[in-house]
There are 2 protein chains.
Amino acid sequence: MKHLPHKTIARLSQYRRALLLCLAKGKTHIFSHEIAKIQHITAVQVRRDIMLIGYTGTLRKGYNVKELIDLIGNIIDSEKRIDVCVVGTGNLGKAIINYFKGRRTKLTITAGFDIDPKKIGKKITGVPIYNVADIKKIIQEKNIRIGVMTVPGEQTTEICDMLVDAGIKGILNFTPKPVNVPHGVFLEEYDMITSLEKVAFFVKTQNEL
Amino acid sequence: MKHLPHKTIARLSQYRRALLLCLAKGKTHIFSHEIAKIQHITAVQVRRDIMLIGYTGTLRKGYNVKELIDLIGNIIDSEKRIDVCVVGTGNLGKAIINYFKGRRTKLTITAGFDIDPKKIGKKITGVPIYNVADIKKIIQEKNIRIGVMTVPGEQTTEICDMLVDAGIKGILNFTPKPVNVPHGVFLEEYDMITSLEKVAFFVKTQNEL
DNA sequence: AGGCTATTGTTAAAATAATAACAATGCAAA
DNA sequence: TTTGCATTGTTATTATTTTAACAATAGCCT
Ligand SMILES: NC(=O)c1ccc[n+]([C@@H]2O[C@H](COP(=O)([O-])OP(=O)(O)OC[C@H]3O[C@@H](n4cnc5c(N)ncnc54)[C@H](O)[C@@H]3O)[C@@H](O)[C@H]2O)c1
Ligand SMILES: NC(=O)c1ccc[n+]([C@@H]2O[C@H](COP(=O)([O-])OP(=O)(O)OC[C@H]3O[C@@H](n4cnc5c(N)ncnc54)[C@H](O)[C@@H]3O)[C@@H](O)[C@H]2O)c1
């Protein structure tokens, strides 16, 4: 496989989640247009993505759900579990930790960090919350490779530097403050306001037609 | 202006947020490469986006921060305020309501909905929480146009249908369950797991090099 | 059995997005 | 004043992503 487009990676992750639901319902095979329907994309795109990872379905029966799930896993998952930490266990951090709890994935949140003494030492659905002062030590001890940032905007830069210093390899930044990371660290940023403003733009545009 | 790419819309929204921070710091002009640095993109792309909206900077001085903010506002904002509601005021819903509080934007969260009697009737940073049973009535009374869904996955489809029925024009779905909306309703879905798996994929890939 | 049809896999084309290239120019410094 | 140069605006090029087109064929129906 020479190279998978970013977009394909993102879609494969989504296909897998849809497929897992199908599997749970006892469905053994699925057509490209069924996957497409769930994800609001076209069947062609689904087939193309699946082609890119080298999987082949059965004509008139579609794709074997189980096999496809496993193959996607081989592509996007790491062999070993990847440990993830969440820095800032407020509303958003808590929601994220909860959300991950119990999901079948190679990604596991194994630590939370906070500065608030009321939170340090507690657990959130089983995940221990540590003092952010110990961040480097814990990250290295637990071999945590990915950090999710959900601290207040003002702390973002500082926390990001601490994560990089501790040897983190990927950062997912949910704070409103964009950050810079050195080469070799993968950065993904998401800002809800951008999404909402996009929705609003199209709502407005449509109204003007 | 014939047509703005989706990606440009999203970036304009981000430029504005960066610009607002600059304005707050008393900066009156900004160069394309400064904006680019903040957003981790290239200066060319910034200039191109700005060109697309028909704004012109001053050579050697850059862009007038205030003017650019206003112009972006003209493009992406609605004339009038657009009201937004959040359905499901748990951890994530609460985080979102908080996040929006006090931001200068034409988008305002004016209602939350929940099914939990302990939450109904309360306020979250000033936003009243209503009984989800009254959703249609309140949405129409308040002329709410956009709905954010942060309910548990199992309720997603039902809530989505209720929002559409109430006349909502745009939906931002944060639950793990993809939904279908009729033509004329703009849908945006975001799933954190996709983002995290993407980060993990690149962390893994880089490791294998 | 034989034709029909839904579906896959893949190539080709189109659309969208990002980057490069560079002329124009106005400010700063010599 | 003149030169140098940083910066914009814009066109051209390249890369990426999506969509279309269609041949191949497994299974269904008659
Ligand atoms: N990107 C998005 O879509 C989005 C949506 C909502 C909120 N947010 C942002 O996410 C962040 C968190 O939001 P929230 O609602 O959970 O806020 P919150 O105040 O509930 O949580 C912040 C947490 O960070 C902790 N904290 C503060 N300083 C710290 C430090 N130096 N080290 C470690 N922990 C520290 C606090 O104790 C608190 O627990 C904010 O920046 C908010 O703007 C982003
Ligand atoms: N997409 C993401 O990035 C992301 C991240 C974290 C969580 N989530 C998802 O967001 C959702 C909310 O997460 P959370 O951590 O806030 O959960 P939560 O349990 O804290 O909140 C859910 C809220 O919805 C309310 N609710 C339940 N049924 C309802 C109904 N029929 N009508 C109205 N309200 C109802 C509950 O009372 C509760 O207040 C979940 O689906 C979760 O999986 C998504």
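So that the names make sense, note that chain A is the first sequence line, chain B the second, and so on, each numbered from 1.
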Participant: Just so I know, are the side chains of I53(B) and L68(B) near enough to count as touching, which here means a heavy-atom distance under 4.5 Å?
Facilitator: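 Side-chain contact under 4.5 Å: yes.
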Participant: Between residues 27-36 of chain A and DNA chain C, which residues have a heavy-atom gap below 4.0 Å?
Facilitator: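 Output list: F31(A), S32(A), H33(A).
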Participant: To the nearest 0.5 Å, tell me how far C85(B) SG sits from I138(B) CD1.
Facilitator: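 Going from SG on C85(B) over to CD1 on I138(B), the span is 10.0 Å.
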Participant: Would Y63(A) and T58(A) count as having a side-chain donor-acceptor pair, cut-off 3.5 Å?
Facilitator: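 Not at all, the side chains of Y63(A) and T58(A) share no donor-acceptor pair under 3.5 Å.
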Participant: Let me confirm one number: the CG-SG distance from N173(B) to C160(B), rounded to the nearest 0.5 Å.
Facilitator: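 Taking CG in N173(B) and SG in C160(B), the distance rounds to 7.0 Å.
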Participant: Walk along nucleotides 22-30 of chain C from 5' to 3' and tag each nucleotide B, S or - by protein heavy-atom contact under 4.0 Å, base first, then sugar-phosphate.
Facilitator: ---BBB---
Participant: Do other residues, nucleotides or ligands put more than 12 heavy atoms under 6.0 Å from the NZ atom of K142(A)?
Facilitator: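 Yes.
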Participant: Could you state the atom-to-atom distance from CG of N64(A) to P of dA26(D) in whole Å?
Facilitator: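 Going from CG in N64(A) over to P in dA26(D) covers 18 Å.
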Participant: Which nucleotides of nucleotides 12-17 of chain C have their base under 4.0 Å from a protein heavy atom (B), which only their sugar-phosphate (S), and which neither (-), written as one string 5' to 3'?
Facilitator: B----S
Participant: Of D49(B) and Y63(A), whose nearest nucleotide on DNA chain C comes first from the 5' end?
Facilitator: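 On the 5' side of the pair lies Y63(A).
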Participant: Specify the separation, in whole Å, of atom CE of M51(A) and atom C1' of dT17(D).
Facilitator: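 Roughly 13 Å, once rounded to whole Å.
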Participant: Under a plain distance cut-off of 3.5 Å, with no hydrogens placed, do Y15(B) and Q39(B) share a side-chain donor-acceptor pair?
Facilitator: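 No, no side-chain donor-acceptor pair sits under 3.5 Å.
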Participant: Taking 4.0 Å as the cut-off, does a side-chain nitrogen or oxygen of T56(B) come that near to OP1 or OP2 on dG9(D)?
Facilitator: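 It does, given that an N or O in the side chain of T56(B) lies less than 4.0 Å from OP1 or OP2 of dG9(D).
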Participant: To the nearest 0.5 Å, how far apart are CG in L163(A) and CZ in F113(A)?
Facilitator: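 Going from the CG atom of L163(A) to the CZ atom of F113(A) covers 8.0 Å.
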Participant: Is there side-chain contact between E197(B) and V199(B), with heavy atoms separated by less than 4.5 Å?
Facilitator: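 They are not in side-chain contact.
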Participant: Excluding sequence neighbours, so at least two apart, what forms side-chain contact (heavy atoms from CB on, under 4.5 Å) with D83(A)?
Facilitator: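 Checked D83(A) against side-chain contact (heavy atoms from CB on, under 4.5 Å); matches are R81(A), T110(A), I144(A).
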Participant: Give every donor-acceptor pair under 3.5 Å between a side-chain atom in residues 93-101 of chain A and any protein atom, sequence neighbours left out.
Facilitator:
{"unit_1": "N98(A)", "atom_1": "ND2", "unit_2": "K94(A)", "atom_2": "O", "d": "3.2"}
{"unit_1": "Y99(A)", "atom_1": "OH", "unit_2": "D191(B)", "atom_2": "OD1", "d": "2.8"}

Participant: Scan for ring pair (Phe, Tyr, Trp, His ring centres under 6.0 Å) pairs involving residues 165-188 of chain A, sequence neighbours excluded, and state none if there are none.
Facilitator: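 Every ring pair (Phe, Tyr, Trp, His ring centres under 6.0 Å) pair that includes a residue of residues 165-188 of chain A, provided the two are not neighbours, is F186(A)-F202(B).
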Participant: Figure out the CG/C1' separation between L52(B) and dG9(D), and round it to whole Å.
Facilitator: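 So the CG-C1' distance, L52(B) to dG9(D), works out to 11 Å.
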